[in-house]
Asker: 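Sharing a structure, written as structure tokens. Questions coming.
Each chain gets a letter, A, B and so on, in the order the sequences are listed, and its residues count up from 1.
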There are 2 protein chains.
Amino acid sequence: MSRPTVHDIAQTAGVSLATVDRVLNKRPGVRAKTILRVNEAIEKLGYVRDVAAANLARQRTYDFVCVMPDAPTEFLGELRDAVAEIAAQGAMDRVRVDMRTYPADDTHALAEMIGGLAKAPPDGLALMAPETPRVRDAVRRVMQAGASIVPMVADLPTVDCGHFVGIDNVAAGRTAGTLLGRFLPERPARVMVVAGTMTARDHAERRLGFDQVMAERFAHLSVLPTLECYDRAELVAARVSEMLARHQDIAAIYSAGAGNQGLVRALASADAGARLTVIAHELTECTRAALTEGTFDAVIAQNPGHIVRSALRVLRAEVDGMETIPSQERIRTEIFLKENLP
Amino acid sequence: MSRPTVHDIAQTAGVSLATVDRVLNKRPGVRAKTILRVNEAIEKLGYVRDVAAANLARQRTYDFVCVMPDAPTEFLGELRDAVAEIAAQGAMDRVRVDMRTYPADDTHALAEMIGGLAKAPPDGLALMAPETPRVRDAVRRVMQAGASIVPMVADLPTVDCGHFVGIDNVAAGRTAGTLLGRFLPERPARVMVVAGTMTARDHAERRLGFDQVMAERFAHLSVLPTLECYDRAELVAARVSEMLARHQDIAAIYSAGAGNQGLVRALASADAGARLTVIAHELTECTRAALTEGTFDAVIAQNPGHIVRSALRVLRAEVDGMETIPSQERIRTEIFLKENLP
DNA sequence: TTGAAAGCGCTAACAT
DNA sequence: ATGTTAGCGCTTTCAA
């Protein structure tokens, strides 16, 4: 026998469709006794609601906007692609996604873009943005206006909004540190760290986790001051080369930010004899190639596709007033070696 | 303006719903000229079909069965739970899943169970089974009878069936080997390997990949013959303890199979001074705890939930005669350290 | 070759 | 408090 429907329930409970629907959706206007009868029928028949049909009838569509920086790093590119893909093919059921990008370094424009949403607020806003007072205020305004907010990739701890979707960057830094420390022989050496800006929360957190592990487990390694390269490949190349030339005893490099093309270049032109242990973030064309060729030893990554899909699911759940299962929405900090590249 | 529907197309093309539907589903009985008109309308309006509504109208339901061993290892338990969960809550749209388990060591019963499906074949069969001639024949028979087959976790290379859903175990073994080799100091030492049976394809493949890496990159390590413990914790505990007592120069253990509780016990009772590097497979309660406590150094894993969801998606696609996107269905070989536990 | 109309399982006005 | 009824976007007889 095929799956029971609302009709079957109505029949066995001896009520009408409308009443069944009221019970199913916990709407008022049904006698306790009737509710009981309906629930018994539901139980007895083993009814499970056909969500697709329900959504179809409900005609509910979710109108989301996704705000992200336009910076030209590979990772951000993939993240934008992931959004674009979902937006294009309406991959997610009955959700419309409107992606808007802001100039990466212009938090003023960002705040304005977010604030602008307040007059015609979408159902939800997935947001990847640094937290500045201005941004915080703008986000709060949109929230007041009725939109659900989900911070993506970078958390917005001072705004009391939805479940953050992204990795724990302190843990990511710790992971990098552990791998790097264990890969190196147990003797004194220097370790170089390059990042975007230390004012960027995520990079700072990674560095923090990295340092924790170094201090706890690998005291024989001395970590040089972070090279801030603003995620720009040319800068990374220049500064790494210079650093490498200056210090002979650098055994490893931890690249906590973007611009890894520059790192690869610097490594290629450096003394071939000096085989360094290198760990970077995000699985991109560049880091994948570096891993394959043996230039990088490990890559710590978060999956862009998972991030945006999860963010959208969380938004949907929030709009529907449903609970999310946190364990299912937790973004994993993945480790890739040459051997386990997907 | 909201998403265009079949009605909109019918209107702009000046035809009826039925005709639009015929064109949409490439059914015969429409003049070339009319097809063109309809396609133009589709193009012009940017129509994308509402799959949920289509499936609802079609009344298509997918009837799948999932055959898996009943062995009491944690990983298999989670795999079965994942199937049970999907089966219970009809999580996947319009698919009914019937899980059947067979006695893990009885390939005769297994072959019979599979063969039995031939008389009333389901739409699809997701199968985790060792490949024996008998099994192969039974699978072929079900296939003849019209069922789509997807091998899960363990491949069925001699059967020409659907896309295998699981990890590349050679690569997994290589990953373990690389990690283990790099974690160890660069000096001669012995490495112990424990597995279920070498007749089990997956364990043999892991061992193969592991040995490749040892030979290629870590010649200073000598790998002892595999301890076959049939995935049983007591056996693992006994044999590992014995081996540890016999050889003083064992620096690391690679556990390619199940029964890791036994390994943990053996390690706990062994000489506390001997801090070994340990790498095991599958993220379970046991290995997670071992990782947290520092008993294990890394765990190589495949996600049970992903595996069954992917298998079901692949089956559905196959039944529908659709292409699967291989990159999206590839199961990842994950690496977990204490630091990046989810 | 084309169209009209009756659903699929569910929801939501609008009646009663 | 409960029932009737008309859809949601699409498919599918059955007629024309």
Asker: Using whole Å, report how far NZ of A:Lys26 lies from C1' of C:dT11.
Answerer: 16 Å
Asker: Can you identify which nucleotide, out of C:dC8, D:dT11, C:dA13, has its nearest atom closest to the B:Arg49 side chain?
Answerer: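 Closest of the options to the side chain of B:Arg49: D:dT11.
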Asker: In whole angstroms, how far is the C1' atom of C:dA15 from the CG atom of A:Asp21?
Answerer: 16 Å
Asker: May I have the distance from B:Gln11 (atom CD) to D:dC10 (atom P), rounded to whole angstrom?
Answerer: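 Rounded to whole Å, this separation is 15 Å.
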Asker: Would you say a side-chain N or O of B:Arg31 is under 4.0 Å from OP1 or OP2 of C:dT1?
Answerer: no
Asker: Could you work out which one of D:dC10, C:dT2, C:dG9 sits closest to the side chain of B:Asp50?
Answerer: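 Among the listed nucleotides, the one closest to the side chain of B:Asp50 is D:dC10.
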Asker: Could you state the atom-to-atom distance from CG of A:Leu56 to P of D:dA6 in whole Å?
Answerer: 18 Å
Asker: Taking for each residue the nucleotide of DNA chain C bearing the nearest heavy atom, is the 5' side occupied by A:Ala54 or by B:Ser16?
Answerer: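 Its nearest nucleotide being more 5', the pick is B:Ser16.
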Asker: Considering only heavy atoms and no angle criterion, is a donor-acceptor pair shorter than 3.5 Å present between the side chain of A:Arg22 and the base of D:dG3?
Answerer: yes
Asker: Would you please confirm or rule out a distance under 4.0 Å between OP1 or OP2 of C:dT2 and any side-chain N or O of B:Thr34?
Answerer: yes
Asker: Is there a side-chain polar atom (N or O) of B:Gln59 under 4.0 Å from OP1 or OP2 of C:dG9?
Answerer: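 True: B:Gln59 side-chain N/O within range (under 4.0 Å) of C:dG9 OP1/OP2.
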Asker: Could you check which of C:dG9, C:dG3, D:dG9 has an atom nearest any side-chain atom of A:Ala57?
Answerer: C:dG9
Asker: Do any side-chain nitrogens or oxygens of B:Thr19 fall under 4.0 Å of OP1 or OP2 in C:dG3?
Answerer: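 Yes, such a contact exists.
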Asker: Report the C-alpha separation of A:Arg49 and A:Asn25 in whole Å, then their side-chain angles, then the decisive distance to 0.1 Å, and conclude whether the side chain to side chain donor-acceptor pair (under 3.5 Å) test is met.
Answerer: CA-CA 11 Å; A:Arg49 169 216 234 92; A:Asn25 295 295; 2.5 Å; yes
Asker: Both B:Val15 and A:Leu24 contact DNA chain C. Taking the nearest nucleotide for each, which residue is further toward the 5' end?
Answerer: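 The residue closer to the strand's 5' end, by nearest nucleotide, is B:Val15.
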Asker: Grab the two heavy atoms, one from B:Arg37 and one from B:Ala13, that are nearest each other, plus how far apart they are.
Answerer: NE-O, 3.0 Å
Asker: Let me know the distance between CG of B:Asp8 and C1' of D:dC10, rounded to the nearest Å.
Answerer: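 Atom-to-atom, B:Asp8 to D:dC10, this comes out as 13 Å.
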Asker: From C-beta outward on A:Arg27, which listed nucleotide comes closest to its side chain: D:dT11, C:dG3, C:dA12?
Answerer: C:dA12
Asker: If I take atom CD1 in residue A:Ile35 and atom P in nucleotide D:dA1, what distance separates them, rounded to the nearest angstrom?
Answerer: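 Taking CD1 of A:Ile35 and P of D:dA1, I get 9 Å after rounding.
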Asker: Can you tell me how far C1' of C:dC10 sits from CZ of B:Arg94, to the nearest Å?
Answerer: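 So the CZ-C1' distance, B:Arg94 to C:dC10, works out to 11 Å.
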Asker: Quiz question: by atom type and distance under 3.5 Å, do the side chains of A:Glu334 and A:Gln302 form a donor-acceptor pair?
Answerer: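 No - no donor-acceptor pair under 3.5 Å links their side chains.
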Asker: Between C:dG9 atom P and A:Arg3 atom CZ, what is the distance in whole Å?
Answerer: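 Rounded to whole Å, this separation is 9 Å.
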Asker: Supply the atom-to-atom distance B:Arg100 CZ to B:Leu110 CG, rounded to the nearest 0.5 angstrom.
Answerer: 12.5 Å
Asker: Among B:Leu127, B:Val142, B:Val139, which one satisfies side chain to side chain contact (heavy atoms under 4.5 Å, CB included) with B:Leu117?
Answerer: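 Answer to the side chain to side chain contact (heavy atoms under 4.5 Å, CB included) test with B:Leu117 among B:Leu127, B:Val142, B:Val139: B:Val142.
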Asker: Less than 4.0 angstrom between a side-chain N/O of B:Asn25 and OP1 or OP2 of D:dT11, yes or no?
Answerer: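 Yes, within the criterion.
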Asker: By nearest atom, which of the nucleotides C:dG9, D:dT2, D:dC10 is closest to the B:Tyr47 side chain?
Answerer: D:dC10
Asker: Which one, D:dT2, D:dT5, D:dG3, comes nearest to the side chain of A:Leu17?
Answerer: D:dT5
Asker: Can A:Glu329 and A:Thr324 be counted as having a side-chain donor-acceptor contact under 3.5 angstrom?
Answerer: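 No, no side-chain donor-acceptor contact under 3.5 Å.
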